[in-house]
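FYI, the numbering just counts along the sequence from 1. Note that the coordinates shown come from a computational prediction; the quantities given were computed from them, not determined experimentally.
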Amino acid sequence: MGGMGGGGLLDIYSMAWEHLRPGSSPVDWCEGNYLISSNIAEFVNTFSNFLFILLPPVLIMLFKEYGRFVTPGIHVIWVLLIVVGLSSMYFHATLSLIGQLLDELAILWVFMAAFSLFYPKRYYPKFVKNDRKTFSWLMLLSAIAATGLSWWKPIVNAFVLMFMSVPTMVMLYTELQRVSDQRVYRLGIRSTTVWAVAVFCWINDRIFCEAWSSINFPYLHGFWHIFIFIAAYTVLVLFAYFYVESELPQRQPLLKYWPKNEFEFGIPFISIRNPDSKDWLVYCSLYMQDYDYKHGKN
């Protein structure tokens, strides 16, 4: 029994190492391996994740007001985007199976967290009975089940995640038909356009690698990372706006841009014009230096 136990433990260690081993992933993107650095498999694909690391801290700062007066869950999504970036960097640096799974599962959990927070109630299945808490539990259980299933056929995970984005964009299009704020509508159009460019890069790198390699440009997956981050975070901003407008209209959401609100190609975020909270004056005194305390008094 002891010998079998020791052998079983050895098998587990062996399997774990096999998944950690560089090159153990069945997925290999178009960029040539170890051409720029002897330590990094896909150099461009690794460092093209920089936006996933650099921008979420800025978004956490910009959405401080939203997290305080609408839902602190928005910050979970920004942190998960950092996890996506780090996981993707690890995967492309090593091309290991565990790196691939971490990368894909991080994306899956971003989807599920965003659905839990912002999925419009009008699209809920009937058995949920219009209850967001029940729907969030459904998303959590779905994410756990999908996490387990992802180990079964890792080669198809990327395609499944890609197709998950299609109904999201269809839902975005439907929601944009309901908005009256033209700034929100224009951001939706830009987000959709950037998403389409990102998908173009992903498909071409995955399916038409030979053609792009023949002109010495096997780097479309790196551009996918840049474009999909821009599309993803702007879509999240839009659904954060739709959520408040639909379920908390008294908060009066307003789309703004940083660092200059008039420049619509800056970083979008949602401002709350009417927090309707006892903490509002305290918040303003702490975080809004240009706020006149007298404005809060009757």
Side-chain angles (χ1 to χ4, degrees), residues 52 55-56 59-60 63 66-88 91 98 100-154 156-176 178 188 191-192 195 198-199 202 228-229 231-249 251 253 269-270:
F52 284 92
L55 207 53
L59 292 168
I60 290 172
F63 276 81
Y66 190 99
R68 187 177 180 91
F69 297 111
V70 180
T71 171
I74 188 73
H75 299 313
V76 173
I77 294 180
W78 305 139
V79 171
L80 282 173
L81 286 179
I82 296 175
V83 175
V84 170
L86 293 173
S87 300
S88 182
F91 166 53
I98 193 69
Q100 177 198 335
L101 292 172
L102 288 173
D103 182 15
E104 293 163 350
L105 289 175
I107 297 170
L108 171 71
W109 281 85
V110 169
F111 268 110
M112 295 308 182
F115 286 168
S116 295
L117 289 174
F118 302 133
Y119 197 87
K121 286 185 176 181
R122 67 181 67 91
Y123 304 122
Y124 277 9
K126 288 184 179 178
F127 68 87
V128 172
K129 298 180 180 178
N130 225 33
D131 182 60
R132 186 166 295 278
K133 188 174 181 181
T134 302
F135 185 77
S136 296
W137 276 107
L138 177 64
M139 290 297 98
L140 176 62
L141 294 173
S142 300
I144 292 171
T147 298
L149 289 172
S150 68
W151 293 80
W152 180 44
K153 287 281 185 183
V156 303
N157 290 345
F159 291 93
V160 171
L161 289 170
M162 173 61 63
F163 285 117
M164 278 182 70
S165 67
V166 175
T168 302
M169 300 309 292
V170 171
M171 189 163 56
L172 172 63
Y173 172 80
T174 305
E175 292 299 302
L176 285 173
R178 304 167 61 90
S191 299
T192 305
W195 174 79
V199 171
W202 190 91
I228 201 58
F229 176 83
Y233 97 85
T234 51
V235 166
L236 287 166
V237 169
L238 286 164
F239 275 100
Y241 176 88
F242 298 149
Y243 170 74
V244 181
E245 190 182 53
S246 175
E247 298 188 28
L248 298 167
R251 295 287 194 264
F269 68 100
I270 305 303

Quick one: are [X] and [Y] in side-chain contact, heavy atoms under 4.5 Å?
| X | Y | answer |
| --- | --- | --- |
| Val237 | Phe269 | no |
| Thr71 | Tyr66 | yes |
| Ile144 | Leu140 | yes |
| Leu172 | Phe239 | yes |
| Ser142 | Met112 | yes |
| Ile60 | Val79 | yes |
| Phe63 | Val70 | no |
| Phe111 | Thr168 | yes |

Distance check, rounded to the nearest 0.5 Å: [X] atom [atom1] versus [Y] atom [atom2]?
| X | Y | atom1 | atom2 | value |
| --- | --- | --- | --- | --- |
| Ser88 | Glu104 | OG | CD | 10.0 Å |
| Leu176 | Arg178 | CG | CZ | 11.5 Å |
| Tyr233 | Trp78 | OH | CH2 | 8.5 Å |
| Leu86 | Leu102 | CG | CG | 10.5 Å |
| Leu236 | Leu59 | CG | CG | 9.0 Å |

What class does the angle between the rings of Phe229 and Phe52 fall in, given that below 30° is parallel, 30 to 60° is tilted and above 60° is perpendicular?
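Taking Phe52 first and then Phe229, their aromatic rings stand perpendicular (interplane angle over 60°).
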
Which heavy-atom pair separates [X] from [Y] by the least distance, and what is that distance?
| X | Y | answer |
| --- | --- | --- |
| Ile74 | Gly67 | CG2-CA, 4.0 Å |
| Arg251 | Phe69 | NE-O, 3.1 Å |
| Ala113 | Leu80 | CB-CD1, 3.9 Å |
| Val84 | Asp103 | O-OD1, 4.1 Å |
| Leu108 | Ala143 | CD2-O, 3.9 Å |

Assess, by modelled atom type and distance only, whether the side chains of [X] and [Y] contain a donor and an acceptor separated by less than 3.5 Å.
| X | Y | value |
| --- | --- | --- |
| Thr234 | Trp195 | no |
| Arg132 | Tyr119 | no |
| Glu175 | Tyr123 | yes |

